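Note that this is a predicted model, so its numbers are computed, not measured.
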Amino acid sequence: LAKTTQPISMDSYEGQEVNITCSHNNIATNDYITWYQQFPSQGPRFIIQGYKTKVTNEVASLFIPADRKSSTLSLPRVSLSDTAVYYCLVGDSPTGANNLFFGTGTRLTVIP
Amino acid sequence: DTGVSQDPRHKITKRGQNVTFRCDPISEHNRLYWYRQTLGQGPEFLTYFQNEAQLEKSRLLSDRFSAERPKGSFSTLEIQRTEQGDSAMYLCASSPTLAYEQYFGPGTRLTVT
């Protein structure tokens with residue numbers, strides 16, 4: 001089971017780009033990297049997923065180096081509504097839900 | 001609203017009582033998951049269903065916990081003889097088969113007094 005390490009918290013000003021890095025040294029060949037966002041009193045919400053190199057969607061970008069031992073979630077021009085906890089997960093979820101480990105996540109606070 | 005729904009949203013019970021939570025997944029999703037989340041922690045996996053079959057259970061799921069998904073639609077999570085340590089947010093999620101993205105419901109917050 002590949003566990004992840006993320007910073008506990010980060011602060012950023014509105015309008016800035018935020019990069020949250022996740023370490024997953026024991027990632028397996030079949031594992032994908034997935035990021036979720038969670039607001040208080042709500043369930044997590046899927047943000048983005050990738051296997052290698054770079055993935056971009058309308059919300060974020062995900063950068064994964066060749067060795068796949070880490071990944072970086074990039075949020076462009078954050079706003080106050082991006083204040084949330086961000087979780088990095090590593091696992092081959094389609095074949096086994098037990099491989100999903102959320103950890104404690106990174107609490108992002110966006111400052112006006 | 002076609003998202004995942006959970007009922008009730010809040011439950012307060014006395015220690016030793018039984019409680020049951022319900023989850024209605026997105027209708028076309030075959031997979032259904034239950035998680036538990038305590039303050040300051042990420043969700044912890046409890047169990048997962050593929051249609052009506054319960055395929056995986058975490059070691060966290062003690063004998064007092066049971067989950068069902070009759071007919072492969074809604075699911076229930078029952079906790080018998082509740083303890084104060086059971087106080088947590090119980091989250092349900094669903095996904096199509098072979099999809100990584102899980103869609104979470106709003107959760108049921110359980111308080112055991």
Side-chain angles (χ1 to χ4, degrees), chain A residues 1-9 20 22 24 27-28 30-52 55 57-60 62 64 71 84-108, chain B residues 3-6 9-10 21 23-26 29-51 53-61 67 69 75 88-111:
Chain A
L1 179 64
K3 292 199 176 178
T4 60
T5 303
Q6 311 174 226
I8 294 174
S9 64
I20 305 174
C22 177
H24 27 81
I27 190 169
N30 295 334
D31 287 343
Y32 280 69
I33 300 155
T34 310
W35 286 80
Y36 281 82
Q37 174 193 56
Q38 187 175 27
F39 298 114
S41 300
Q42 294 186 26
R45 182 177 74 101
F46 173 88
I47 301 176
I48 197 167
Q49 182 184 76
Y51 184 81
K52 61 181 179 180
V55 180
N57 62 21
E58 65 277 6
V59 176
L62 179 59
I64 305 168
S71 59
V85 178
Y86 292 82
Y87 296 98
C88 167
L89 284 73
V90 172
D92 55 345
S93 53
T95 60
N98 228 340
N99 289 333
L100 291 181
F101 180 74
F102 275 82
T104 55
T106 297
R107 182 173 300 278
L108 173 66
Chain B
V4 178
S5 62
Q6 293 187 245
R9 293 293 307 276
H10 304 274
F21 310 140
C23 171
D24 285 272
I26 294 172
H29 286 182
N30 297 322
R31 294 189 165 197
L32 186 146
Y33 312 81
W34 284 99
Y35 292 85
R36 179 173 67 188
Q37 185 173 26
T38 54
L39 194 63
Q41 301 296 315
E44 296 174 297
F45 169 80
L46 292 178
T47 189
Y48 127 76
F49 291 83
Q50 172 81 20
N51 298 312
Q54 188 174 19
L55 297 186
E56 290 191 41
K57 291 196 295 185
S58 165
R59 291 171 298 171
L60 296 173
L61 209 65
R69 192 184 182 196
S75 176
M89 175 76 84
Y90 289 84
L91 293 162
C92 175
S94 70
S95 72
T97 304
L98 300 182
Y100 294 98
E101 181 176 350
Q102 295 185 22
Y103 297 79
F104 282 81
T108 294
R109 182 168 296 283
L110 172 66
T111 302

Between A/R45 and B/Y103, is the side chain to side chain contact (heavy atoms under 4.5 Å, CB included) condition met? List the steps. CA-CA 7 Å; A/R45 182 177 74 101; B/Y103 297 79; over 6 Å; no

Begin from the C-alpha positions of A/F102 and B/Y35 and carry the test ring pair (Phe, Tyr, Trp, His ring centres under 6.0 Å) through to its verdict. CA-CA 10 Å; A/F102 275 82; B/Y35 292 85; 5.7 Å; yes

Verdict with reasoning, A/Y36 to B/F104, per side chain to side chain contact (heavy atoms under 4.5 Å, CB included): CA-CA 11 Å; A/Y36 281 82; B/F104 282 81; 3.8 Å; yes

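Closest non-hydrogen pair, B/L91 versus A/P44, comes out as CD1-CD, 4.0 Å.
Comparing B/R9, B/Q41, B/Q6 by heavy-atom pairs within less than 4.5 Å of chain A, the highest count is held by B/Q41.
In terms of the side chain to side chain donor-acceptor pair (under 3.5 Å) criterion, residue partners of A/Q38 (sequence neighbours excluded) are, by chain and number, A/Y87, B/Q37. For A/Y51, the ring-ring contact (aromatic ring centres under 6.0 Å, His included) partners at least two apart in sequence or on another chain are A/Y32.
In this structure, the separation between CD1 on A/I47 and CD on B/E101 is 11.0 Å, given to the nearest 0.5 Å.
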